[in-house]
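Here is the structure we will look at.
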Amino acid sequence: MFFGRKRKADELAQIKGGSMPVHIGIIMDGNGRWAQRQGLPRMAGHRAGMDAINRCLEGLKNLDVKYLTLFAFSTENWRRPKAEVDYLMNLPGQFVARELDNLMANNIRLRILGDVRGLPAHTQEAVAEGIKATAGNSGLTLTFAINYGAREEIIRAARQVGLECKRGLLDPGDIDGTSFESYLYTRGMPDPDLIIRTSGELRISNFLLWQIAYSELCFLDILWPDFSELDLYRAIADFQHRQRRYGGI
Ligand code: IPE
Ligand code: IPE
Ligand code: MG
């Protein structure tokens, strides 16, 4: 325990001296496998995954990261058994009920990415409550991607752009990267500097495809419920060793 704490403090001191990612995105994967390995139902993994979110927030308290975006439910996750989907749709409500005081105390602003109207009414209400209550906070922006799919996001943006062109509000020749981005769910947010995926899978699974064009990718061989502050610090340390070139030299 002592050594664990010391390692964490050392790692923290190390990364504090380097450049900090402004925006970290996390594909929180591996809850089901974590549960299976312990002979528990998958839901137990999702519940344990909530604690990992808190550890992550705890770890960020000491750092100057402005945005944390967590992939919580993809547009493809509706393919799962209804009981699991129902369970997952209760988690935003649980999170807001349990963590609102903590979010307020730490000046954290809640935001959401995705097709909110496709969520059950109770989930929409819980999320709306959390967003409204934290709207005035100016510290970390904590964003949950729920019912989010990057392809759906891009198609939705293209449709809106098309509509504005049709109405004569927009000239197709004026559409560029900057104006197009204002139609994405992430409007106003900087692109992620660092994307972390847990569970050992080496894929993006339809997360932020437009926005990760130049993100640094970090794939971890641990399951999300096991994710610790030390893992977060190590991922940031790894990020700090990368050389970002954006196509230059
Ligand atoms: C991530 O864990 C949580 C969601 C996708 C909602 P999984 O539930 O995908 O866990 P594995 O990948 O089956 O282990
Ligand atoms: C990605 O995980 C989505 C979330 C973490 C919410 P999945 O478990 O759905 O991804 P695949 O199916 O393994 O690609
Ligand atoms: Mg998975």
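Counting starts at 1 for both ligands and their atoms, following the listed order. The shown structure was predicted, so the numbers you read here are calculated from the model rather than taken from an experiment.
With a 4.0 Å cut-off on non-hydrogen atoms, His46 touches ligand 1 through its side chain and not its backbone. By the criterion of a heavy-atom distance under 4.0 Å, the backbone of Ala72, and not its side chain, is placed next to ligand 1. Contact annotation: for Asn77 versus ligand 1, heavy atoms closer than 4.0 Å belong to the side chain alone.
Within the 4.5 Å cutoff, the side chain of Asp115 has no heavy atoms near those of the Tyr148 side chain.
Residue Asp29 has at least one N or O atom closer than 3.5 Å to an N or O atom of ligand 2. In terms of polar-atom proximity, defined here as any N/O pair under 3.5 Å, Trp34 makes no such contact with ligand 1.
Heavy-atom distances between Gly30 and ligand 1 reach below 4.0 Å in at least one pair. Ligand 2 lies within reach of Arg197, whose nearest heavy atom is under 4.0 Å from it.
Remark: among candidates Met43, Glu201, Arg80, the nearest residue to atom 9 (O) of ligand 1 is Arg80, based on non-hydrogen atoms.
Residue contacts to the Mg ion (ligand 3): Glu201 brings no N, O or S atom closer than 2.8 Å.
Atom CZ of Arg151 is surrounded by 12 or fewer heavy atoms from other residues, nucleotides or ligands within 6.0 Å.
Taking the Mg ion (ligand 3) as reference, Asp29 places its N/O/S atom OD1 nearest.
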